[in-house]
Amino acid sequence: MKILVAYYSNTGNTERVAKAIADALASEELELLLVKDVNPSTLGSYDLVILGSGIYASKVHVSITKMMKAVESFPPKFAFFCTHASDNMYQDGFKAVMRVIKKTDSSIVGEFDCMGENLGMPKEQQLKMLEGLPPEQRKKAEDHQKKLKGRPNEEDLENAKKFARTLI
Ligand SMILES: Cc1cc2nc3c(=O)[nH]c(=O)nc-3n(C[C@H](O)[C@H](O)[C@H](O)COP(=O)(O)O)c2cc1C
């Protein structure tokens, strides 16, 4: 199978998942590219395109949506993956991308997500934010931060590999 794994990653979490997926599919004819390096006119030459992104303000990065809007010939299959810090503000991340795909004959054959520690906000700013919260909310936020620490972890990366193997 000719496969493209294309991703956007601001702080490296999604990149680690992308590399795990690429590792799991190493026996295929695979290319691993940053979205900014993808030529949209080549997408139709792949059997499967796997798109990945962190989630920013509930959406995948705009470079992915932009790239998808420039595609003329589509591959038969797409799959998605994302990393996110929230328990609930990520499910619609690929909505705009799906809107593009739904107008084509391509199908979406799989989706994967896992938590990704929010490394985009400086520690001092995070502490300041926590200090401003009432005690109960602060405890909740601190517990959530503990849950995020070091994610994606080895288990997340193993799960990403398992997901990748289901696609071929
Ligand atoms: C500016 C900004 C906005 C974010 N918005 C969301 C969000 O809406 N929902 C969410 O679940 N995570 C959000 N996150 C957390 C990231 O999605 C998460 O840390 C992800 O793993 C980052 O991936 P990356 O390291 O590949 O960039 C946000 C992070 C930043 C820096």
Side-chain angles (χ1 to χ4, degrees), residues 3-26 30-40 43 48-70 78-101 108 110-133 136-167:
I3 301 174
L4 172 66
V5 179
Y7 66 95
Y8 174 87
S9 181
N10 181 33
T11 61
N13 294 338
T14 311
E15 180 162 65
R16 290 173 59 214
V17 175
K19 287 183 174 167
I21 288 174
D23 272 0
L25 299 176
L30 182 126
E31 275 178 82
L32 174 66
L33 290 178
L34 292 168
V35 165
K36 71 177 177 61
D37 296 330
V38 173
N39 176 350
L43 241 65
L48 167 66
V49 173
I50 309 176
L51 297 173
S53 175
I55 298 292
Y56 315 99
S58 303
K59 293 182 181 131
V60 295
H61 192 257
V62 65
S63 60
I64 296 194
T65 322
K66 237 179 177 170
M67 186 272 287
M68 286 298 288
K69 285 181 179 163
F78 280 96
F80 304 141
F81 64 98
C82 70
T83 66
H84 54 90
S86 144
D87 283 329
N88 47 32
M89 286 170 59
Y90 68 92
Q91 291 96 332
D92 288 339
F94 278 98
K95 209 172 175 178
V97 174
M98 282 186 183
R99 259 202 303 272
V100 175
I101 294 173
I108 298 162
E111 287 183 59
F112 175 81
D113 75 274
C114 69
M115 303 300 276
E117 185 173 356
N118 195 346
L119 303 166
M121 194 191 280
K123 284 274 172 279
E124 309 80 64
Q125 201 179 328
Q126 285 187 30
L127 275 174
K128 231 181 189 171
M129 207 184 73
L130 287 173
E131 277 164 12
L133 294 174
E136 206 174 299
Q137 274 184 40
R138 179 176 174 163
K139 165 96 177 61
K140 238 179 164 179
E142 283 172 346
D143 286 348
H144 188 69
Q145 277 190 351
K146 277 183 205 151
K147 192 168 96 177
L148 284 176
K149 190 102 193 94
R151 306 287 293 272
N153 56 23
E154 284 311 312
E155 190 182 350
D156 294 321
L157 299 179
E158 264 320 303
N159 287 336
K161 287 181 185 178
K162 277 186 205 151
F163 157 75
R165 289 185 205 109
T166 66
L167 301 173

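Worth knowing before you read on, the calculation uses all heavy atoms, side chains too, and leaves out hydrogens, waters and symmetry mates. In each ligand, atom 1 is the first atom listed, and ligand 1 is the first ligand listed.
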Let me confirm one number: the NZ-NZ distance from Lys66 to Lys36, rounded to the nearest 0.5 Å. 14.0 Å
Look at atom 1 (C) of ligand 1 and say whether a protein heavy atom is found at less than 4.0 angstrom from it. no
Taking atom CG of Leu119 and atom CG of Leu148, what is their separation to the nearest 0.5 Å? 9.5 Å
Heavy-atom nearest option to atom 5 (N) of ligand 1, drawn from Gly120, Ala57, Cys114: Ala57
Does ligand 1 come near enough to Thr14 that some N or O of the ligand is less than 3.5 Å from an N or O of the residue? yes
For Ser58, the atoms of ligand 1 under 4.0 Å from one of its heavy atoms are 7 (C), 8 (O)
By number and element, which atoms of ligand 1 are closer than 4.0 Å to a non-hydrogen atom of Glu117? 19 (O)
Please check whether Ala85 reaches ligand 1 - meaning an N/O of the residue sits under 3.5 Å from an N/O of the ligand, judged on distance alone. yes
So that I can tick it off, tell me whether Lys147 and Asp143 are bridged by a salt bridge, with the cut-off set at under 4.0 angstrom between side-chain N and carboxylate O. no
Got a second to check how far Met115's CE is from Asp156's CG, nearest 0.5 Å? 9.0 Å
Tell me whether Gly12 has any N or O atom under 3.5 angstrom from an N or O of ligand 1. yes
Modelled atom types, side-chain donor and acceptor of Ser53 and Thr14, under 3.5 Å: no
Sub-4.5 Å side-chain heavy-atom contact between Arg16 and Leu157: yes
for atom 25 (O) of ligand 1, nearest protein heavy atom and its distance come out as Thr11 OG1, 2.4 Å
Just jot down the ligand 1 atoms closer than 4.0 angstrom to any heavy atom of Gly116, in number order. 18 (C), 19 (O), 21 (O)
Could you identify the single nearest non-hydrogen protein atom to atom 29 (C) of ligand 1 and state the distance to 0.1 Å? Asn118 OD1, 3.7 Å
For Asn10, the ligand 1 atoms with a heavy-atom partner under 4.0 Å come out as 24 (P), 26 (O), 27 (O)
Evaluate Asn13 for polar contact with ligand 1, using N/O atom pairs at a separation under 3.5 Å. yes
Would you call Glu142 and Lys146 a salt bridge, using N to O less than 4.0 angstrom? no
Compute the shortest N/O to N/O distance between Ile55 and ligand 1 and return yes if it is under 3.5 Å, no if not. yes
May I ask you to list the atoms of ligand 1 that are less than 4.0 angstrom from any heavy atom of Thr83? 17 (O), 20 (C), 21 (O), 22 (C), 23 (O)
Kindly confirm or rule out an N or O of Tyr8 lying under 3.5 angstrom from an N or O of ligand 1. no
Below 4.0 angstrom from a heavy atom of Tyr56, which ligand 1 atoms are there? Numbered from 1 as shown, please. 3 (C), 4 (C), 5 (N), 23 (O), 24 (P), 26 (O), 27 (O)
Considering non-hydrogen atoms only, spot the tightest contact between Gln126 and Asn118 and give its length. NE2-O, 3.3 Å
Subset of ligand 1 atoms that lie under 4.0 Å from at least one heavy atom of Ser86: 9 (N), 10 (C), 11 (O), 12 (N)
Which ligand 1 atoms are under 4.0 Å away from a heavy-atom of Met89? 7 (C), 8 (O), 9 (N), 10 (C), 11 (O)
Report yes if the distance between the aromatic ring centroids of Tyr8 and Tyr56 is under 6.0 Å, otherwise no. yes
The ring-ring contact (aromatic ring centres under 6.0 Å, His included) partner of Phe80 among Phe163, Tyr90, Phe94, Phe112 is Phe94
Contact check, side chains of Val60 and Lys95, non-hydrogen atoms, under 4.5 Å: no
